[in-house]
Participant: 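One structure coming up, written as structure tokens, with questions to follow.
Every heavy atom of this structure was used, including side-chain atoms; hydrogens, water molecules and symmetry mates were not. Lettering of chains follows the sequences in order, A, B, ..., and the numbering in each one begins at 1. The model shown is predicted, which means the values in this text are computed figures rather than measured ones.
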Amino acid sequence: MSSHGSVTRCLGRLQAGDSAAAQQLWQRYFARLVELARRKLRGSPRRAADEEDVALSAFDSFFRGMEQGRFPRLCDRDGLWGLLATLIARKAAHQRRDERRLKRGGGAAVVRASSSDGDDGALLDQLLSREPTPELAAEVAEEYRRLLRSLDDRVLEAVALARMDGYSVEEIAQQLHCSPRSIKRKLNLIRGIWERELGP
Amino acid sequence: VIESLKPQRDSLPLTLARRVDRICDQFEAAWQSGTPPRIEDFLGQAVDPERTALLRELIFLDIDYRCRRGDSPRPESYARFAELDAAWLADAIASEQAGPDPAATIVHGTTDTIVPDM
């Protein structure tokens, strides 16, 4: 799909310091990241603005990481989405953790020094405090590619990629010259396949 | 989204869902070739739960393509499929004739880190 190439080009321009490329990526991904953040924060008491804060923070980390050359192997749409989604998951986890601290300590941070107290939460906090490494980004991207391969059908793959790029059912149907009903059916099938791949 | 039209993915094993998808693709290709296909010709020897799922998907497509050529499908058009739930059929016709589902135009993110929301 043509958008694949455009994201790859955007990443190249961003790595070369082109701020317009950053704007393009922002426009392409921000709404999706807010939606993802909303899901990650589900069940958490929050203001409506929180999910946007999480998405903003994730984008900020991404752009800073790019400026510092921390993701040298990030070169395509698959890797980018995996990286952004990882950042969102971590920022949302931070937010939930901070809310728990506020509840317990009225704003004072509760710091667990190490995992030696037998609380796995400390180790989790340490992990969550790190930004994604290139290795983790590559790992996530590989998992993403594995899921696409599991579809074992070029049309299903095209539908999944288009949906993740933010295209609506109607738009995908137009691109593939078929009924929107067919796209809904295929999306349903894709979700079933991926749920099985990822297990309970 | 009308409740009765929500996908019933859980009731159909993936192998059957893939087969339903392929048969529906063939049905749609037949429509696009210019000659309205007969739903019965695509049901084959399918048995439930595959048959019901396949029949419903074929009817959805049939309604869509008939609407595109200016027809106004009515429940009577599918009365020969006695196993169809009347309420479901009425909803299906109303839904397809109403045009795009507003919910389907929302840009979604993912349900999990890397699993897109469909």
Participant: Tell me whether the rings of B/F60 and B/W88 are parallel (<30°), tilted (30 to 60°) or perpendicular (>60°).
Facilitator: perpendicular
Participant: Output the distance between atom CH2 (A/W194) and atom CZ (A/R146), rounded to the nearest 0.5 Å.
Facilitator: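 If I round to the nearest 0.5 Å, the distance is 10.5 Å.
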Participant: Is it the side chain or the backbone of A/L156 that comes within 4.5 Å of chain B heavy atoms, both, or neither?
Facilitator: side chain
Participant: In plain terms, say whether A/E35 and A/R38 are close enough for a salt bridge, that is, a side-chain N and a carboxylate O under 4.0 Å apart.
Facilitator: yes
Participant: Measuring only between side-chain heavy atoms, which start at C-beta, is B/E83 closer than 4.5 Å to B/L55?
Facilitator: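 A side-chain contact exists here, since the closest heavy-atom pair is under 4.5 Å.
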Participant: Out of A/L84, A/V34, A/I88, A/L151, which one racks up the most heavy-atom pairs below 4.5 Å with chain B?
Facilitator: A/L151
Participant: Looking at residues at least two apart in the chain, or sitting in another chain, which of them share a salt bridge (Lys or Arg N to Asp or Glu O under 4.0 Å) with B/R18?
Facilitator: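 Per chain and number, B/R18 pairs via salt bridge (Lys or Arg N to Asp or Glu O under 4.0 Å) with no residue.
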Participant: For the CD1 atom of A/I190 and the CG atom of A/L148, what is their distance to the nearest 0.5 Å?
Facilitator: 9.0 Å
Participant: Any chance you could measure A/D153, atom CG, to A/K186, atom NZ, to the nearest 0.5 Å?
Facilitator: 6.0 Å
Participant: Can you tell me how the ring of A/F59 sits relative to the ring of A/F62, calling it parallel under 30°, perpendicular over 60° and tilted otherwise?
Facilitator: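 Geometry flag for A/F62 against A/F59: perpendicular rings.
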Participant: Could you list the residues that satisfy salt bridge (Lys or Arg N to Asp or Glu O under 4.0 Å) with B/E50, not counting sequence neighbours?
Facilitator: B/R19
Participant: Of all the residues in residues 65-74 of chain B, which have a heavy atom that comes within less than 4.5 Å of a heavy atom in chain A?
Facilitator: B/Y65, B/R68
Participant: With chain A as the partner chain, list the residues of residues 21-40 of chain B whose heavy atoms fall under 4.5 Å from it, by residue number, and write 'none' if nothing qualifies.
Facilitator: B/D21, B/C24, B/D25, B/E28, B/Q32
Participant: In Å and rounded to the nearest 0.5 Å, what is the CG to CG distance from B/L58 to B/L43?
Facilitator: 6.0 Å
